[in-house]
Amino acid sequence: MGTDGRLLRGERTRTAVLDRALQLATTAGLDGLSLSQVADSLGVSKSGLFAHWRSKEELQLAVIAHARAQWTELVIGPALEAPRGVRRLWAVHNQRLDFYESKTLPGGCFFANAHFEFNARPGAVRDRLAVELRDWMGFLTSLATDAVALGDFRPGTDPAGIAYEAESLGVCAVMQAPVLGADVTFRHARRALFDHLRAVTTDPTILPEPT
């Protein structure tokens, strides 16, 4: 019982630290993240965090994994409840923008920020981020491919092109929102993909108008 209790407390501590580190990474940058910074923000000792991560790089990699888990839970999971095909692809885009608008992360999008930060910096962190991007684009492309196979899209529709457009609109919106205004940018990001999807669907009425 005692051992299980300690393990449970340790896991709660680890989760709380990663939650806070993920938030900090979107404002201070993933490279600006340090065990001292996270410890200070949580009011705990830095030495206690060394039980979980021995280096800054270990913490950074753990934050990336935590960000993926959060994205899966809050963006992908709810969107997968939509019917397969173009409606599921649209649900992912819409859920993504809802996530940004919720301001769950103060800096907008962890992955967009981190990719810009580490694109030209070889190393384990960049390599892990590259894996995440390939997986994400593969997921979007698979949704579009499924829509083609189900007959939702017209013959000849390029699934990779649809995925690229969806990703571009999402990144552009979250990056521009703090400057140009969230209402305008997210509305445009929804409308732009919606209009394009409707233009290539075999039945335009399958997608309801965005609210």
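This is a predicted model, so every value here is computed, not measured.
Taking both residues in full, the closest heavy atoms of H66 and T15 are given as NE2-O, 4.2 Å, listed atom of the first, atom of the second, then distance. Between V125 and E57, the closest heavy-atom pair is CG2-CG, 4.2 Å.
Heavy-atom contacts from other residues, nucleotides or ligands closer than 6.0 Å to CZ of F116 number 12 or fewer. Atom CZ of R191 is surrounded by more than 12 heavy atoms from other residues, nucleotides or ligands within 6.0 Å. Heavy atoms of other residues, nucleotides or ligands lying less than 6.0 angstrom from CZ of F194 number more than 12. With a 6.0 Å radius and a threshold of 12 heavy atoms from other residues, nucleotides or ligands, R121 has its CZ atom above the threshold.
Side-chain atoms of H93 and E165, non-hydrogen and from C-beta on, never get closer than 4.5 Å to each other.
Checked by atom type and distance alone, the side chain of D152 never pairs as donor or acceptor with a backbone atom of V148 at under 3.5 Å. Not one N or O on the side chain of K56 forms a donor-acceptor pair closer than 3.5 Å with the backbone of G32. At least one donor-acceptor pair closer than 3.5 Å links the side chain of S102 to the backbone N or O of F99. Under the 3.5 Å distance criterion, the side-chain polar atoms of E117 are matched with a main-chain donor or acceptor of L30.
For W71 and F110, the ring centers are positioned 6.0 Å apart or more.
Screening I206, L197, L143 for a side-chain contact (heavy atoms from CB on, under 4.5 Å) involving W90 leaves a single residue, L197.
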Any chance you could lay out the side-chain contact (heavy atoms from CB on, under 4.5 Å) test for T201 and F153, step after step, and finish with the verdict?
CA-CA 4 Å; T201 55; F153 286 148; 4.0 Å; yes
